[in-house]
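Okay, so here's the structure we're looking at.
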Protein chains: 2
Amino acid sequence: MSDDDQRARRPRRADARRNEGALLDAAAAVFVTSGVEAPVRDIAARAGVGTATIYRHFPTRADLIIAVYRHQVEACAEAGPELLASCPTPYTALARWIDLFVDFLVTKHGLAGVLQSDDAGFQNLHAYFVDRLVPVCTRLLDAATEAGEIRTGLTALELMRGVGNLCIGAERSVGYDARRLVEVLVAGLRRTD
Amino acid sequence: MSDDDQRARRPRRADARRNEGALLDAAAAVFVTSGVEAPVRDIAARAGVGTATIYRHFPTRADLIIAVYRHQVEACAEAGPELLASCPTPYTALARWIDLFVDFLVTKHGLAGVLQSDDAGFQNLHAYFVDRLVPVCTRLLDAATEAGEIRTGLTALELMRGVGNLCIGAERSVGYDARRLVEVLVAGLRRTD
DNA sequence: CGTCAAACGGGACGGGGTTCCGTTTGACGA
DNA sequence: TCGTCAAACGGAACCCCGTCCCGTTTGACG
């Protein structure tokens with residue numbers, strides 16, 4: 001657990017540790033069924049704690065979401081350089097990486113929507129995604145641009161916001177395949193005319 | 001006024017007519033400053049009516065939004081065939097029409113977001129946009145496909161949802177230009193490889 | 001085993017959407 | 001002009017939800 005070494009420096013009470021774990025488990029479960037905007041009380045109830053306990057451990061909902069998905073975001077970030085090394089061209093590496101990102105987003109009920117929210121409470125979340133993933137995307141994008149495979153002046157941030165936006169609402173309403181739209185967007189990177 | 005003939009069949013009280021007009025004006029003004037999800041009370045206050053009066057005239061927020069923007073949506077719908085007739089190729093007509101649609105969306109604070117919302121209260125709105133604009137887009141898309149300018153199997157609904165999604169949050173957060181992203185998406189329609 | 005700060009839980013508060021109900025008012029016929 | 005009455009009104013009431021507060025519990029440590 002990567003949590004352990006963070007806590008190790010200053011010991012906390014055993015019940016606090018237990019509750020934090022229970023909250024993470026409960027939140028993960030509730031997010032799956034009710035989305036990342038599920039009522040705080042639902043999460044607290046499932047974890048068997050009071051509502052204040054959530055705020056004590058995770059001051060904003062963004063902090064809770066980050067904690068729940070940190071592992072997967074890290075994995076996505078680490079996949080970038082690997083793809084760049086293993087793919088035939090930078091463009092295919094970029095396309096594959098974006099596929100990973102899309103897979104991550106569309107399987108998280110409502111996460112894409114909340115990522116673009118202008119709600120002040122989600123700025124942490126937005127910042128975390130930007131800090132962690134935009135540099136990765138930038139490297140892929142730069143590589144593809146230098147290879148002459150891409151002719152638009154889009155920044156990595158713009159591209160990722162566009163991809164994120166296309167994923168909004170992908171899990172519901174039949175007849176909308178976010179993956180397909182993203183494919184078209186990525187195909188559009190290759191031409192400027 | 002196209003409203004007149006609708007009401008003509010069954011006369012209503014003068015104050016009811018007046019309030020409906022005041023509400024439309026107030027809503028339009030509030031939507032500009034606070035977005036389409038502005039508190040009901042704000043709109044009622046600006047119109048100088050009670051909150052219940054809003055619900056009496058517009059049972060759901062979607063009905064109010066539709067009423068406020070109906071003219072512009074109609075104009076957008078009517079522009080489709082005109083562009084098809086006046087543009088050199090169907091693809092350029094489609095691109096120009098999508099520009100119109102994007103211009104409409106990005107100037108309406110939060111409308112794009114609400115369009116994709118899964119909130120049951122907005123189903124009317126979603127349905128109205130689909131009913132009115134998807135057929136127009138379908139004609140443009142079919143024409144471009146028949147002309148061999150487009151090689152993706154995207155439906156008009158998918159395309160429009162994608163465009164709508166890309167417009168979410170376009171009015172805030174510098175460094176994101178929805179128009180540019182949509183250009184890339186539309187450029188992507190031309191190639192499948 | 002006693003102490004005490006950390007941690008807890010659930011209720012209170014505030015804001016926003018929706019509904020209810022007693023009051024007002026416009027339309028219309030006498 | 002005036003009386004009648006249903007349409008329409010306004011705002012308070014209600015409910016849900018996020019957030020905060022405060023009296024109580026509990027784990028750590030000497």
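Per chain, numbering begins at 1; letters A, B, ... match sequence-line order.
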Whole-Å distance separating the OH atom of B:Tyr55 from the P atom of C:dG17: 6 Å
A:Arg190 and A:Thr152 side chains, donor-acceptor separation under 3.5 Å: no
Distance in angstrom units between A:Ile43 CD1 and C:dG9 P, rounded: 15 Å
Between the protein and nucleotides 11-14 of chain D, which nitrogen or oxygen pairs come in under 3.5 angstrom?
{"residue": "D:dA12", "atom": "N6", "partner": "B:Thr51", "partner atom": "OG1", "Å": "3.3"}
{"residue": "D:dA13", "atom": "N6", "partner": "B:Arg41", "partner atom": "NH2", "Å": "3.3"}

Below 4.0 Å: OP1/OP2 of D:dG18 and any side-chain N or O of A:Arg61: yes
B:Glu158 side chain vs A:Tyr176 backbone, donor-acceptor pair below 3.5 Å: no
D:dA28 - base-pair partner by Watson-Crick or wobble geometry, distances under 3.5 Å: C:dT3
Rounded distance (Å) that lies between atom P of C:dA7 and atom CG of A:Leu23: 14 Å
Between P of D:dC16 and CD of A:Glu37, the distance in whole Å: 19 Å
Side-chain N,O (B:Asn19) to OP1/OP2 (D:dC9) below 4.0 Å: yes
Donor-acceptor contact present, side-chain A:Thr53 to main-chain A:Val49, <3.5 Å: no
Whole-Å distance separating the CG atom of A:Asp63 from the P atom of D:dT19: 11 Å
Any A:His57 side-chain N or O less than 4.0 Å from OP1/OP2 of C:dA7: no
Base D:dA8 to side chain B:Arg13, donor-acceptor N/O within 3.5 Å cut-off: no
Pairwise distance CG(B:Leu159) to CG(B:Leu141) - rounded to 0.5 angstrom: 6.0 Å
Euclidean distance, atom CZ of residue B:Arg18 to atom P of C:dA27 [Å, nearest integer]: 9 Å
Criterion side-chain contact (heavy atoms from CB on, under 4.5 Å) on B:Lys108 and B:Phe31, from CA distance to verdict: CA-CA 7 Å; B:Lys108 309 294 175 288; B:Phe31 287 173; over 6 Å; no
Euclidean distance, atom CG of residue A:Asp15 to atom C1' of C:dA5 [Å, nearest integer]: 12 Å
Note, B:Val36 side chain near B:Val30 side chain (heavy atom, < 4.5 Å): no
Distance in angstrom units between B:Asp119 CG and C:dT18 P, rounded: 8 Å
A:Arg61 bridged to A:Glu37 by N-O distance under 4.0 Å: no
